[in-house]
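What you see is a predicted model, and the numbers here were worked out from it, not measured in a lab. Residue numbering restarts at 1 for every chain, and letters A, B, ... go by the order of the sequence lines.
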Number of protein chains: 2
Amino acid sequence: MARVLATLVAVDMPATRTDRRRARTRRQLVAAARELITERGVAGLRIAELTDAADVGRGSFYNHFDSKEDLVAAVFRESLETLAHTILTSIPDDLPPAERAAMADRRFVRLAYEDPDFARLLVQLHNGDDLFATATLPYARMALEPGIASGDFDVPDVDVMLVMLASSSMGLIRAILEGRVPPHAEQAHAESILRLLGVTDDEARRISRLPLD
Amino acid sequence: MARVLATLVAVDMPATRTDRRRARTRRQLVAAARELITERGVAGLRIAELTDAADVGRGSFYNHFDSKEDLVAAVFRESLETLAHTILTSIPDDLPPAERAAMADRRFVRLAYEDPDFARLLVQLHNGDDLFATATLPYARMALEPGIASGDFDVPDVDVMLVMLASSSMGLIRAILEGRVPPHAEQAHAESILRLLGVTDDEARRISRLPLD
């Protein structure tokens, strides 16, 4: 798994010096935008302030993004991809597939407890659900494939499973922020996800309660 | 179940003649708004056109709604409630809880195939996911409670289950509209929901494929 991700990252590395400078400017813009958005929300984001904060020329914004909306989507997409990547690579490769999947799911849903400001902006974002699904689906697929290949998971339809995984995680993050579910809702979610994957009820219960950190 | 719903409806019946007239005006506004929204989308809705179409005085709009957004939310909320109510009351009371739940779930998700215009407006709506959850949760709870009471369902956490049910249904409706899942995705969804409810994998598969109409 870690090797697959390392390859993906390597493919994305810009080849030439100009490309690297261009990539750096983009990163600075996205990082500054994330900070400004977290402080004041999406509506408070001004392009002039952003280029000042990122320490790049005003005009270079439009070399990278078509519009403010385009930048905002990039900020959320890249934050979610980084989170998913970090979670997947932090889980030992030698754990059984069901333990890996439950751990990844619990760490992801904990976003609502651990970074509620970012999570709140995400659920309030227009098209936030679409963005969440698009950004996280490739990682969810990587997390499930070893278990499907080994026969540990029995999934009626992988595409439907991925939709359920992404949309219910986002729904649960929303419910946690709004206080509509009890504490440690992420354990009940992981337990449910394991049942969906065909893990027996007893195993699902045990695995979803393993220590996390 | 049908009796519970009949009671709820009876409680909502306005008592006096003024109340009944007021309720009728509101219904006319919501019905006209639903038609206009389906034709032209939310952005194209104008209050003046709406009161003309509903055949009510211009001023009476603000006796019923604070804003256009308030009306739009009411249109979607009431359409979803009506759909959920119709589905629940159309399913025979004497079916086993798992068959009732699977049938209700499949009929709801089919909205994406049977009324794609309305479904598309719903998923594009700002806060559409919230609205969907709020409108459908009471009905989902009514659909699950008999099976929980009888012991047919084994649910780790009812609140988390309801969040997963609502958010994954909405996520699947979105995926069907975007062509991201195979035909009859609603069967795979119902099968997954039954597994979540603690139904065995074989039973979940059988029940989710029973004839629907």
Let me see the working for A/Leu144 and A/Val155 under side chain to side chain contact (heavy atoms under 4.5 Å, CB included), right down to the final yes or no. CA-CA 10 Å; A/Leu144 297 189; A/Val155 179; 5.6 Å; no

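Only one option out of A/Ile37, A/Leu29, A/Leu45 pairs with A/Val75 in a side-chain contact (heavy atoms from CB on, under 4.5 Å); it is A/Ile37.
Looking at A/Leu137, the atoms closer than 4.5 Å to chain B (heavy atoms on both sides) all sit in the side chain, from C-beta outward. Residue A/Leu162: no heavy atom, backbone or side chain, is found under 4.5 Å from chain B. Using a 4.5 Å cut-off between heavy atoms, B/Ala185 contacts chain A through both its backbone and its side chain. The part of A/Leu125 that comes within reach of chain B is its backbone (N, CA, C, O), which places non-hydrogen atoms under 4.5 angstrom from that chain.
Heavy-atom pairs under 4.5 Å with chain B were tallied for A/Gly198, A/Ala175, A/Ala166; the largest tally goes to A/Gly198. Of all the listed residues (B/Val158, B/Leu172, B/Leu165, B/Leu194), the one sharing the greatest number of non-hydrogen pairs under 4.5 Å with chain A is B/Leu172. Most heavy-atom pairs under 4.5 Å with chain B: of the set A/Ile193, A/Val181, A/Leu196, this distinction falls to A/Leu196.
At least one side-chain heavy atom of B/Val123 sits under 4.5 Å from a side-chain heavy atom of B/Leu177. Within the 4.5 Å cutoff, side-chain heavy atoms of B/Phe61 are placed close to those of B/Leu71.
For the atom pair B/Leu83 CG and B/Phe118 CZ, the distance stands at 8.0 Å (nearest 0.5 Å).
Aromatic ring pairs are classed by plane angle as parallel below 30°, tilted from 30° to 60° and perpendicular above 60°; the pair A/Phe108 and A/Phe132 is perpendicular.
Considering all non-hydrogen atoms of both residues, A/Gly147 and A/Pro97 come closest at CA-CB, 3.6 Å. Here the closest heavy-atom approach between residue B/Ala204 and residue B/Val199 is recorded as N-CG1, 3.7 Å. The nearest pair of heavy atoms linking A/Leu36 to A/Leu50 is CD1-CA, 3.7 Å.
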At a 3.5 Å cut-off, give me the donor-acceptor pairs between chain B and chain A, one pair per line with the distance.
unit_1	atom_1	unit_2	atom_2	d
B/His126	ND1	A/His126	ND1	3.3
B/Asp154	O	A/Arg195	NH1	2.7
B/Asp154	O	A/Arg195	NH2	3.4
B/Asp154	OD2	A/Arg195	NH2	2.9
B/Ser167	O	A/Ser167	OG	3.4
B/Ser167	OG	A/Ser167	O	3.4
B/Arg195	NH1	A/Asp154	O	2.7
B/Arg195	NH1	A/Leu196	O	2.7
B/Arg195	NH2	A/Asp154	O	3.3
B/Arg195	NH2	A/Asp154	OD2	2.9
B/Leu196	O	A/Arg195	NH1	2.7

